[in-house]
Amino acid sequence: MSLTCEKLVADNAEMWRSATIHPFLDGCRDGTIRLDQFHTWLVQDYRFVVEFTRFAARLLADAPVPHFDTLLGGLQALQDELTWFRAKAEERDLDLSTPPLPGCQKYNAMMAELHDAAYPVKATAFWAIERAYNEAWGRLGALDNAYGEFAERWGNEGFGEYVRALALQADEALANASADEVARATKAFVTVADYEQGFWQMAFAAG
Ligand code: HMH
């Protein structure tokens with residue numbers, strides 16, 4: 001049996017919980033998050049998504065042709081997302097050129113380091129990053145407050161389908177991966193879980 005995305009989540013259940021359940025998210029659900037905390041997340045996540053877009057392009061460059069459709073759809077969604085982030089920042093008068101904080105910086109550095117990794121490693125990390133947000137925001141459900149559109153962006157059913165398609169592609173790549181690549185993919189998954197937790201904490205601790 002080869003490694004699968006589901007097995008990674010199951011084998012690291014506690015870490016994954018910490019990556020996707022956090023007081024920052026509870027605060028968005030309850031409306032108790034402070035603006036400085038939320039705005040820190042918003043600006044830092046824009047900086048993250050810029051680097052994530054470069055990572056998506058590298059993933060596409062290495063992908064087998066049958067994986068193009070899902071990844072090109074993902075790149076299209078990222079174009080929309082970057083435009084949306086700029087609109088949200090403008091509405092809230094936020095400066096998107098604010099330098100990345102350490103929790104964002106190390107996550108961005110990790111993605112840049114993965115540029116040279118084998119396709120199964122990149123595909124696993126990319127899926128994990130999208131899955132984390134789908135699960136974290138999706139768990140909040142429909143929100144009747146200012147954070148509803150944020151939860152909806154990553155928690156919606158279409159995004160869930162995209163994440164499942166990414167998992168199938170990563171699983172397929174892992175089935176054909178070397179033992180070393182499987183080990184590196186596992187390490188990348190654990191790092192994503194760790195850095196996701198750190199990213200929420202970075203925003204929550206702001207101010
Ligand atoms: C920190 N993880 C972080 N930001 C995001 N936007 C995503 C995952 C999903 O795109």
Side-chain angles (χ1 to χ4, degrees), residues 5 8-9 12 15-25 27-28 33 37-60 70-89 94 96 98-114 122-140 147 149-167 170 188-206:
C5 292
L8 283 169
V9 173
N12 300 280
M15 275 198 91
W16 196 248
R17 272 182 69 81
S18 305
T20 57
I21 300 176
H22 192 276
F24 180 92
L25 292 156
C28 291
I33 201 77
Q37 294 173 306
F38 190 73
H39 287 169
T40 297
W41 169 79
L42 205 159
V43 171
Q44 295 295 315
D45 211 52
Y46 174 77
R47 302 300 302 244
F48 172 88
V49 173
V50 167
E51 192 59 42
F52 186 60
T53 302
R54 299 190 194 286
F55 183 47
R58 298 286 184 144
L59 179 68
L60 174 68
T70 296
L71 299 177
L72 286 167
L75 279 164
Q76 181 66 60
L78 284 168
Q79 183 193 25
D80 179 69
E81 192 163 301
L82 288 164
T83 304
W84 175 82
F85 265 112
R86 290 183 200 111
K88 295 301 112 186
L94 302 174
L96 289 177
T98 306
L101 292 167
C104 179
Q105 221 164 40
K106 69 179 182 183
Y107 210 160
N108 286 356
M110 181 234 182
M111 290 190 285
E113 280 164 24
L114 284 175
K122 284 214 237 339
T124 303
F126 191 81
W127 154 76
I129 291 168
E130 296 289 44
R131 160 96 183 227
Y133 258 37
N134 180 231
E135 211 172 313
W137 289 107
R139 191 177 280 118
L140 304 186
Y147 307 109
E149 73 170 297
F150 293 84
E152 168 68 13
R153 168 158 285 273
W154 292 282
N156 76 76
E157 187 45 40
F159 195 77
E161 267 173 44
Y162 166 61
V163 170
R164 284 189 289 279
L166 291 175
F189 176 82
V190 169
T191 305
V192 166
D194 183 26
Y195 288 4
E196 284 292 326
Q197 189 278 336
F199 207 94
W200 297 127
Q201 189 53 35
M202 167 189 74
F204 194 69

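For ligands, and for the atoms within them, numbers begin at 1 and follow the listed sequence.
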Problem - Main-chain N/O of Pro99 paired with Gln44 side-chain donor or acceptor, under 3.5 Å - result: yes
Practice task
Report yes or no: does Asn156 contribute a side-chain atom to a donor-acceptor pair with the main-chain N or O of Glu152 at less than 3.5 Å?
Solution key: yes
Exercise for the section: Answer yes or no: is there an ion pair linking Arg153 with Glu149, defined by an N-O contact shorter than 4.0 Å? Expected result: no
Handout entry: Neighbouring protein residues of ligand 1 - any heavy atom closer than 4.0 Å
Key = Asp45, Phe48, Val49, Ile129, Glu130, Tyr133, Trp154, Glu196, Phe199
Fill in the blank from the handout: Here the pair of heavy atoms bringing Ser18 nearest to Gln197 is O-CG, 3.3 Å
Exercise for the section: Take the angle between the ring planes of Phe52 and Phe48 and call it parallel below 30°, perpendicular above 60°, tilted in between. Expected result: parallel
Handout entry: Ring centroid separation Tyr147 to Trp154 under 6.0 Å
Key = no
